[in-house]
Amino acid sequence: MTAVHVVVLAAGKSTRMKSARPKVLHDLSGRMLIEHVLHSAAALEPETMTLVVGHAADDVRAALAGWPSLQFVVQAPQLGTGHALLQAESVLKDKKGVVLLLYGDVPLLSTSTLQRLLETHRGKKAAATILTTEMPDPYGYGRIVRDAKGNISRIVEERDASAQEHKIREINSGIYAFNLSGLFDALHNLANDNAQGEYYLTDLVAAFYQAKKKVESLLLDSPDELRGINSRVELAEMTAIVRARKNRALMIGGVTLEDPSSAYIDEDVTVGADTTIGPNVRLQGKTSVGERCRIEAGSRLAHVTVGNGVTILDHCVITEAVIGDEAKIGPFAHVRPASVVGPSAHVGNFVELKKTTLGKGSKANHLAYLGDAKIGDGVNVGAGTITCNYDGVNKHVTTIEDGAFIGSDTQLIAPVTIGRGAYVGTGTTVREDVPAGALAVSAGKQRNIEGWVADKQRRRRDKKE
Ligand code: UD1
Ligand code: CA
């Protein structure tokens with residue numbers, strides 16, 4: 001098997017996005033646009049992957065720090081697609097094999113289509129193989145021009161095409177396989193005598209034809225995978241396609257989506273069988289949900305690991321957290337980053353967790369703020385409990401050991417520890433550690449003033465008269 005070298009072009013400036021952010025870094029179903037391309041290409045296990053950057057090169061490079069095997073070459077200024085590929089010469093000059101040329105803004109291209117392109121290229125022993133398709137309205141694309149024998153003789157760009165050539169419906173997708181041998185010599189020989197004064201990669205085709213090198217094509221039945229993104233309208237259209245495809249795959253895998261049209265599930269999310277997802281649920285980023293879970297309407301989970309048999313009731317927001325098996329969350333709970341909800345634990349309505357561990361079977365069922373807390377197993381946290389974790393300068397830890405009972409309306413002034421099995425009376429302000437097995441109370445003895453209300457009403461009446 002010959003080696004594959006992937007080159008992705010992403011140097012061009014995109015004006016139609018009207019964005020300060022480079023186009024290829026915009027989000028499409030939880031991945032950056034460019035990452036869709038990189039994922040499809042990486043599955044081919046190429047020997048090298050090179051990204052040609054130019055416009056906002058530093059931003060692109062920084063955003064892709066998570067792709068250590070990716071090499072970057074800078075194209076400045078941007079003098080056309082032929083000139084862009086030429087920039088990869090430094091990476092590829094001593095290599096052998098096939099170059100697969102991709103665009104950073106064509107995100108739907110699948111690994112299997114790329115594989116077919118490579119197979120066609122190898123099978124036909126071509127010097128170049130072009131991925132093409134037929135479009136009812138080919139306006140704007142380069143057209144595939146064939147000779148009397150049906151061989152591809154050149155590609156003509158929209159602006160350079162004759163009236164006759166404008167009628168050709170077979171278009172150049174801009175995706176190709178090239179033999180590395182002789183490729184850079186041919187690129188060095190490109191001229192820029194065309195309507196845009198650019199070095200057109202497409203001119204290689206005419207050069208190869210004249211040199212009697214074989215140029216082949218793979219014609220796709222549908223143009224769907226070849227669609228590029230140039231504007232936010234196209235980004236939204238493409239997102240809808242990716243989302244529908246993801247939902248379908250999940251349903252086929254045994255997940256019930258009560259309303260697929262309002263299930264917003266990112267590309268990298270996994271969901272186990274027999275899990276049911278209600279309407280208007282968003283599962284984002286690297287979220288994984290186990291089997292037999294229920295996620296009710298209006299909840300949003302971002303980068304969350306959810307175990308099996310978990311119930312998440314309506315309108316919860318959960319980010320960068322871990323939820324154990326059989327836990328129950330919500331409705332209206334807010335679980336913030338670095339929180340761990342243990343197996344069978346309960347987090348009820350209007351409870352907020354931040355950087356907090358809630359142990360196995362522990363319950364915080366109503367109205368609480370638990371921040372920077374380490375809460376053991378079998379703990380009961382009463383309604384209105386607040387960890388006072390911030391002293392205005394630093395954050396401090398609250399520790400609640402196994403089996404402790406925290407009465408309602410308690411303030412825990414951190415750093416503080418509630419020992420194993422201890423009780424904290426309702427309305428207590430806990431400033432000092434509570435030993436294991438102790439009861440802590442801080443409120444004074446209750447005093448009742450008999451007849452106070454009637455006295456007050458009488459005094460008010462007397463004043464008015
Ligand atoms: C190109 C093809 C055209 C094809 C179309 C498919 C050429 C000359 N034309 O046209 O035949 O039908 O794609 O979409 O190749 N880029 C760079 N550096 C540059 C110029 C472009 O990196 O100097 C990158 C862009 O970021 C983009 C890609 O190359 O990802 C395509 O560039 P674009 O200007 O959109 O090419 P088209 O004119 O659409
Ligand atoms: Ca384009």
Side-chain angles (χ1 to χ4, degrees), residues 6-17 19 21-26 32-34 36-38 41 50-57 59-61 72-89 99-109 128 130-135 137-145 152-161 165-166 168-176 178 186-187 190-207 215 217 219-220 223-231 234-235 238:
V6 170
V7 178
V8 184
L9 302 191
K13 186 174 158 97
S14 171
T15 43
R16 277 181 282 167
M17 290 298 279
S19 177
R21 191 158 23 129
K23 172 168 69 178
V24 293
L25 302 188
H26 278 255
M32 293 178 275
L33 266 186
I34 181 77
H36 287 266
V37 181
L38 296 178
T50 307
L51 189 62
V52 181
V53 291
H55 183 71
D59 294 345
V60 177
R61 204 190 290 256
F72 294 87
V73 295
V74 178
Q75 184 200 18
Q78 287 101 48
L79 303 177
T81 48
H83 178 253
L85 176 55
L86 193 54
Q87 309 312 306
E89 189 175 18
V99 171
L100 194 58
L101 186 90
L102 308 174
Y103 288 173
D105 55 0
V106 180
L108 295 191
L109 204 58
I130 311 165
L131 198 56
T132 71
T133 191
E134 284 182 351
M135 291 223 176
D137 175 15
Y139 180 82
Y141 287 93
R143 310 294 209 286
I144 305 293
V145 183
I152 299 173
S153 58
R154 62 189 190 105
I155 296 173
V156 64
E157 292 305 295
E158 176 75 35
R159 296 201 225 186
D160 303 298
E165 288 164 340
H166 277 142
I168 299 172
R169 286 171 47 216
E170 188 184 8
I171 62 100
N172 170 30
S173 69
I175 311 293
Y176 324 78
F178 292 112
L187 285 170
L190 287 180
N192 62 349
D193 50 352
N194 50 54
Q196 299 188 78
E198 288 186 353
Y199 296 93
Y200 286 171
L201 184 54
T202 44
D203 284 349
L204 277 190
V205 172
V215 179
S217 62
L219 178 83
L220 292 190
D224 289 350
E225 280 188 43
L226 302 177
R227 288 180 61 185
I229 292 182
N230 293 304
S231 67
E234 286 168 352
L235 181 62
M238 214 73 100

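All ligand and atom numbering here is 1-based and tracks the order in the structure.
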Using a strict cut-off of 4.0 Å, indicate which atoms of ligand 1 neighbour a heavy atom of [X].
X: L9; answer: 22 (O), 24 (C), 29 (O), 30 (O)
X: A84; answer: 17 (C), 18 (N), 22 (O)
X: D105; answer: 30 (O)
X: G12; answer: 17 (C), 22 (O), 25 (C), 26 (O)
X: G142; answer: 3 (C), 4 (C), 11 (O), 12 (O)

Residue pair L85 / L101, side-chain heavy-atom distance below 4.5 Å: yes
Please work out whether any backbone atom (N, CA, C, O) or any side-chain heavy atom from C-beta onward of [X] is under 4.0 Å from ligand 1, and answer side chain, backbone, both or neither.
X: E157; answer: side chain
X: S173; answer: backbone
X: Q75; answer: side chain

Within-cut-off N or O pair, [X] and ligand 1, under 3.5 Å:
X: Y103; value: yes
X: I155; value: no
X: Y200; value: no
X: V52; value: no
X: A11; value: yes

T132, N172, L85: member with heavy atom nearest to atom 5 (C) of ligand 1: N172
Close approach of G228 to ligand 1, heavy atoms, under 4.0 angstrom: no
Trace of the side chain to side chain contact (heavy atoms under 4.5 Å, CB included) decision for S217 with I152: CA-CA 8 Å; S217 62; I152 299 173; 3.6 Å; yes
Member of R154, R159, R143 meeting the salt bridge (charged side-chain N to carboxylate O under 4.0 Å, His left out) criterion with E165: R154
